Each structure stands twice: as structure tokens, then as C-alpha cells.
Amino acid sequence: MIQRTTASVEARSPARDPDHSVPAWQSLLATSITSPAELLQRLGLNDLALAQQARAGHLAFPVRVPEPWLSRIRPKDPDDPLLRQVLPLAAEGESHAGYVRDPLQESDATAAPGLIRKYRSRALLMVTGQCAINCRYCFRRHFPYADHRLSPAQRKHVIDTLKASPEINEVILSGGDPLAANDRLLAGWAQALATVPSLTRLRIHSRLPIVIPQRVDEALLAWIQECPLDVVMVVHVNHPREIDDNVREAMKRLRDAGVTLLNQSVILRGVNDNADVLEQLSEALFDAGVLPYYLHAFDPVAGAHHFDVSDDEARGLVRKLQARLAGYLVPRLVREVPERPGKTLLDVGMENPGTVEPVKR
Ligand SMILES: *Cc1c(COP(=O)(O)O)cnc(C)c1O
Ligand code: SF4
């Protein structure tokens with residue numbers, strides 16, 4: 001079984017560069033823009049103040065922007081919503097009361113090295129600390145892990161811990177971005193997890209198929225299709241312009257491989273704090289075969305104050321979506337609150353009928 005799987009993964013990897021035998025997505029990852037000056041120059045932005053800010057922020061949390069993401073940014077627009085997610089600003093250096101480095105207190109929930117468990121039926125498995133893109137608003141920006149790769153003994157310990165916890169039926173590959181790990185490692189995890197009798201689902205939380213849609217290559221699809229567990233992928237899109245033809249194609253390939261696709265977004269000032277944008281996002285996701293799942297209320301992460309949208313404002317936006325969209329296109333507005341048994345749903349209430357366009361009869 002193990003040999004057959006390994007062989008088929010090797011045989012079905014046409015996305016490899018013939019000269020270097022590196023998958024195309026890994027080359028795109030390796031050639032990401034990591035210099036703030038280059039990022040601005042490529043976008044035709046020559047503002048000196050912007051360049052100084054970007055350099056200062058970059059020192060605390062480096063810039064990382066792969067080319068396929070860059071290609072979706074509108075040139076010469078410093079306020080572009082895709083640029084805003086990746087461009088360091090001086091505001092990152094400000095400190096604000098209540099903005100902390102680990103708002104979710106994940107450092108307390110480690111069940112085994114690499115395994116984070118807060119909820120009864122599912123656990124997070126951190127397979128790599130790497131990401132394909134450095135999102136300025138991310139709470140993981142303060143996590144010092146360069147690499148989360150586990151030793152064989154630690155991997156066995158994770159599997160033994162799961163076997164001893166039969167109430168866990170779903171493991172969520174997380175990170176960093178789990179799909180930044182190579183397919184050999186991921187296929188190994190998928191096989192090992194499939195030996196845990198209580199597991200029925202493997203979930204993957206990844207932004208990579210959006211950031212670098214070339215990540216969805218034959219080698220990835222091969223181990224997903226071989227995996228006897230049901231595979232759910234939760235991608236991460238914040239703005240409708242992140243979804244281009246390549247992303248739609250990647251989503252289609254995943255769906256054809258039997259993957260259930262969901263999306264999570266974070267509400268972000270200057271990116272998607274607008275009912276029209278959120279409505280277009282839901283429609284664009286559905287068009288790409290992805291259902292909206294969560295809209296995360298903003299967490300007070302140190303350095304990300306400039307993205308803050310208040311809970312009241314977020315509630316108002318979701319109320320508008322409820323009045324405009326099919327119920328299944330309205331994401332759940334949630335927050336993770338330490339010590340709670342699951343995500344906390346923010347009660348958004350109902351839009352005041354007087355503010356909604358009347359239905360013509
Ligand atoms: C969000 C999260 C999950 C998954 O929760 P769902 O509500 O099932 O999406 C699991 N574990 C941790 C630690 C989480 O933060
Ligand atoms: S890809 Fe996800 S984990 Fe990585 S920086 Fe962006 S939001 Fe954070």
C-alpha cells in the first residue's frame with residue numbers, strides 16, 4: 001500500500017521542472033518578492049514615504065509576495081485591497097492597549113508537539129511553520145517557528161495521541177500553511193492519519209491554492225485522491241479580486257478530486273469592510289465552487305491595529321449580507337474565545353426592514 005502510493009505520486013508529477021525536478025509551485029514560492037522596495041517598484045509606486053514605511057515594517061515581519069499574487073494587484077494603487085494585505089505600513093510599529101502577540105492563547109493548548117487541541121472532536125496538526133505569503137494582519141506573525149517539521153518519534157507520538165483520543169474524528173492540517181510542505185511529507189501524514197480508526201475527515205486549512213494556484217498539481221491531487229478519509233479544504237480569500245481564472249481552475253481540480261471546499265475570511269479595514277465587496281466575494285466564491293464558511297471578527301493582534309473593524313460594524317455588514325444573499329452565501333461571523341468549546345458566533349440580529357430595498361410584488 002505504502003509503496004504503491006509512493007510510486008503513483010512520483011509517476012503523476014508532470015508539474016515538475018524537467019531541469020531541476022522542482023514542482024512549478026515551489027519555484028514560484030522560491031522566487032517570491034521579499035524586498036519591500038522591489039514590491040513597490042514592480043507596482044509603479046514611487047512614493048518615498050511609503051517606501052520608508054514598508055522598509056520599517058519589513059524588519060519586524062518580512063515581506064513575502066509570490067508572483068501570481070502580485071499579478072492580481074492593480075499597479076499604481078497604494079490602496080489596492082490585495083496590496084494592503086501584504087504591504088508593511090508604519091502603523092505596524094504602533095502599540096495599542098489590548099493588542100497582544102498571542103490573542104488566541106494557542107501556546108496553552110498543545111496536546112503533543114505539533115498537535116493543538118482546543119475542541120472536543122477536532123485537533124490542529126501543525127505540519128509546517130512556513131507560509132506562501134506574509135499577511136500583515138495575521139496573528140501567526142508573532143510565532144517564532146521557522147519550521148514545525150516533526151521528527152519520526154514526534155510523528156509517532158501524534159498518531160498515538162490521536163489513537164488514544166477516539167472522540168477526535170477530524171484532524172486539521174494547519175501551520176503556517178500546511179500546503180507549503182512538500183507532497184511527500186503530506187502524503188506521509190495522510191497515510192499515517194488514515195491508520196487512526198476514529199478519524200473520518202482530514203481537513204486542510206490553506207491559503208496556498210489561492211496565492212499560488214499552481215500548488216494544485218498532480219502530486220497534490222494524487223495523495224488527496226488516495227486518502228481514504230473525506231477531505232475538506234478551507235481556503236482563505238478576503239476579497240473577490242483574489243479569485244482569477246487560475247484560482248477557479250485550481251478549485252475545479254480540487255472539486256473534481258472530491259474535495260469539499262469552504263472559505264474563511266477575516267474582516268479587514270480597507271480590504272473588505274464593505275457590504276458590496278463582501279457580497280461580491282460570496283458570489284465569486286460560489287462561482288468558483290467554494291462555499292463561504294467563516295468571517296472572522298478581528299482579533300487584536302499587535303501590529304495590526306490599522307486593520308481593525310469593530311464588532312458592531314462587522315455585525316452591520318453581515319446583517320446587510322443576510323438581507324441580500326441566499327442563506328448559504330452568508331458566512332458565519334465568529335471569533336475564537338479562549339476556553340470556549342468551539343468558535344463563538346457573533347449574534348448579528350436582523351436588518352431594520354426600513355433600510356432594506358422593498359420586494360416588488
Ligand atoms: C478554528 C479551530 C478549529 C476548527 O473549528 P471549526 O469550528 O470546526 O472550523 C479547530 N481547532 C482550533 C484550535 C481552532 O482554532
Ligand atoms: S497564509 Fe494564513 S497563516 Fe500565513 S500569514 Fe497569511 S493568514 Fe497567516
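All of these numbers come straight from a predicted model, not from anything done at the bench. Both counts, for ligands and for their atoms, begin at 1 and track the order of listing. Numbers here simply count residues along the sequence, with the first being 1.
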Next on the checklist: Quick check on D347: does its CG atom have over 12 non-hydrogen neighbours (other residues, nucleotides or ligands) under 6.0 Å away?
Outcome noted: no
Checklist entry - Between S206 and D177, does any side-chain donor sit less than 3.5 Å from a side-chain acceptor? => result yes
Next on the checklist: Quick check: closest heavy atoms across H239 and V237, and the distance to 0.1 Å?
Outcome noted: O-CG1, 3.4 Å
Item to check | Those atoms of ligand 1 less than 4.0 Å from some heavy atom in I172 | outcome: 3 (C), 4 (C), 10 (C)
Checklist entry - Is there an N/O/S atom in C138 that lies less than 2.8 Å from atom 8 (Fe) of ligand 2? => result yes
Checklist entry - Under 3.5 Å between some N or O of ligand 1 and some N or O of Y119? => result no
Item to check | Per-atom contacts of ligand 1 with R122, taking only distances under 4.0 Å to non-hydrogen atoms | outcome: 5 (O), 6 (P), 7 (O), 8 (O)
Checklist entry - Charged N to carboxylate O under 4.0 angstrom, R84 versus D80? => result no
Item to check | Under-4.0 Å heavy-atom contact with ligand 1, by part of E336 that carries it | outcome: side chain
Next on the checklist: Looking only at distances, can you tell me whether any N or O atom of H205, backbone or side chain, sits closer than 3.5 Å to an N or O atom of ligand 1?
Outcome noted: no
Checklist outcome for this item: ligand 1 atoms nearer than 4.0 angstrom to some heavy atom of Y293 are 6 (P), 7 (O), 8 (O), 9 (O)
Next on the checklist: Tell me if the CD atom of E167 is crowded by more than 12 foreign heavy atoms within 6.0 Å.
Outcome noted: yes
Next on the checklist: Could you check whether atom CZ of R255 has more than 12 heavy atoms from other residues, nucleotides or ligands sitting under 6.0 Å from it?
Outcome noted: no
Checklist entry - Should the heavy atoms of other residues, nucleotides or ligands under 6.0 Å from OH of Y119 be counted, would the total exceed 12? => result yes
Next on the checklist: I need the contact type for V234 against ligand 1. Using non-hydrogen atoms and a strict under-4.0 Å cut-off, is it side chain, backbone, both or neither?
Outcome noted: neither
Checklist outcome for this item: Given the options E351, E283, E279, E357, R324 meets side chain to side chain donor-acceptor pair (under 3.5 Å) only with E279
Next on the checklist: Any atom of ligand 1 sitting under 4.0 Å from a heavy atom of R203?
Outcome noted: yes
Checklist outcome for this item: Restricting to heavy atoms, the pick from Q85, H236, R136 nearest atom 7 (S) of ligand 2 would be H236
Next on the checklist: For atom 4 (Fe) of ligand 2, which of the options S206, C131, A132 provides the nearest non-hydrogen atom?
Outcome noted: C131
Item to check | Atom NZ of K163 with >12 non-hydrogen neighbours under 6.0 angstrom | outcome: yes
Checklist outcome for this item: Counting from 1 in the order shown, the ligand 1 atoms closer than 4.0 Å to a non-hydrogen atom of K343 are 1 (C), 2 (C), 3 (C), 5 (O), 7 (O), 14 (C), 15 (O)
Checklist entry - Which one of I116, L124, V171 has a non-hydrogen atom at the shortest distance from atom 12 (C) of ligand 1? => result L124
